[in-house]
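Structure record follows, encoded as structure tokens.
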Amino acid sequence: AQSVAQPEDQVNVAEGNPLTVKCTYSVSGNPYLFWYVQYPNRGLQFLLKYITGDNLVKGSYGFEAEFNKSQTSFHLKKPSALVSDSALYFCAVRNLSGGYNKLIFGAGTRLAVHP
Amino acid sequence: GAGVSQSPSNKVTEKGKDVELRCDPISGHTALYWYRQSLGQGLEFLIYFQGNSAPDKSGLPSDRFSAERTGGSVSTLTIQRTQQEDSAVYLCASILQPGQGQYEQYFGPGTRLTVT
């Protein structure tokens, strides 16, 4: 069965420091991987995706993620965190079963960036 | 351009009442999804519509939940005889053309349902 794990419920980072939000996945075949961000009382916003090609993908708001096939990981990173990055982050993988384009989401990681 | 819209933004209802939640996807998007997000939880898939194909209802938690999509555009999620455990944020998302290089879903702001 396909699944996504976000091992950290919360990540705390000081403003200006680099941040990493972890994600590991389990799929059969080639994974299609996504990161979404959810600000308070808002819907989810797409950040970036990995479909094929370069393992390092760049997305919105200065975020990037590195696809690592051997470690089945797709960690989200940013070189210098901002207080405004504080939000809930979801990793997702495309569910190929049944031929439908569904996403399976991780449980989410709350990022808190402190001044 | 206009994004996915949902109404109402908040809904408080008494246990046992029926509720209808509405989703307007981005114009021209052929696929539409409903998810449920409970407090402190991730997103739970409910139902998926793609063009004229039969919807994938595999995520609906009980027969009290149903959804329809009229004219390939607007969708309504109906919950009958609401229970307190139905309290959650219900999110709608759409994709332009799944499988045609379009994989990212665009989400609406959600409807926060509270069952008292």
Side-chain angles (χ1 to χ4, degrees), chain A residues 1-10 21 23 25 27 29-53 57 59-60 63 65 67 74 87-110, chain B residues 2-10 21 23-26 29-51 53-60 88-112:
Chain A
Q2 296 172 108
S3 64
V4 174
Q6 293 181 243
E8 303 155 316
D9 290 336
Q10 178 152 331
V21 183
C23 172
Y25 63 88
V27 299
N30 294 323
Y32 291 14
L33 296 157
F34 305 80
W35 276 102
Y36 286 82
V37 60
Q38 185 177 33
Y39 297 101
N41 301 314
R42 303 276 295 276
L44 274 68
Q45 296 179 32
F46 169 76
L47 275 180
L48 51 78
K49 67 182 177 187
Y50 172 83
I51 306 298
T52 187
V57 293
S60 307
F63 284 93
F67 170 64
F74 190 56
L88 189 56
Y89 290 81
F90 290 97
C91 182
V93 64
R94 182 187 179 204
N95 183 356
L96 299 174
S97 64
Y100 288 106
N101 194 39
K102 294 187 292 189
L103 292 178
I104 298 173
F105 286 85
T109 297
R110 187 164 301 281
Chain B
V4 178
S5 62
Q6 292 185 245
S7 60
S9 56
N10 282 284
L21 311 180
C23 171
D24 281 275
I26 294 173
H29 279 203
T30 62
L32 186 148
Y33 306 75
W34 282 98
Y35 294 89
R36 178 168 70 175
Q37 184 179 23
S38 301
L39 186 62
Q41 301 293 316
L43 274 73
E44 175 189 5
F45 167 78
L46 296 177
I47 189 168
Y48 164 63
F49 296 90
Q50 168 58 51
S53 301
D56 177 356
K57 304 179 181 180
S58 61
L60 295 178
V89 175
Y90 289 82
L91 293 165
C92 176
S94 67
I95 294 181
L96 178 60
Q97 287 280 1
Q100 303 297 319
Q102 301 284 338
Y103 301 106
E104 56 267 35
Q105 299 181 12
Y106 294 87
F107 283 80
T111 294
R112 182 176 298 278

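In what follows, every heavy atom counts, from backbone to side chain, and hydrogens, waters and symmetry copies are set aside. All of these numbers come straight from a predicted model, not from anything done at the bench. Residue numbers start from 1 in every chain, and the chains themselves are labelled A, B, ... in the order their sequence lines are given, proteins ahead of strands.
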* Structure fact -> Honestly, the part of A/Gln38 sitting under 4.5 Å from a heavy atom of chain B is side chain

* Sort A/Ile104 into side chain, backbone, both or neither according to what part of it lies under 4.5 angstrom from a heavy atom of chain B. => neither

* Asked: B/Gln6 versus chain A, heavy atoms under 4.5 Å apart: side chain, backbone, both or neither?
  -> neither

* **Set of residues satisfying ring-ring contact (aromatic ring centres under 6.0 Å, His included) with respect to A/Phe46, sequence neighbours excluded** => A/Tyr36

* Is the distance between the ring centroids of A/Tyr50 and A/Tyr25 under 6.0 Å? -> no

* Asked: What part of B/Ser58 is in contact with chain A, defined as an atom under 4.5 angstrom from a non-hydrogen atom: side chain, backbone, both or neither?
  -> side chain

* Partner residues of B/Phe45 under the ring-ring contact (aromatic ring centres under 6.0 Å, His included) criterion, sequence neighbours left out -> none

* **Under 3.5 Å side-chain donor-acceptor pair for A/Thr109 and A/Glu8** => no

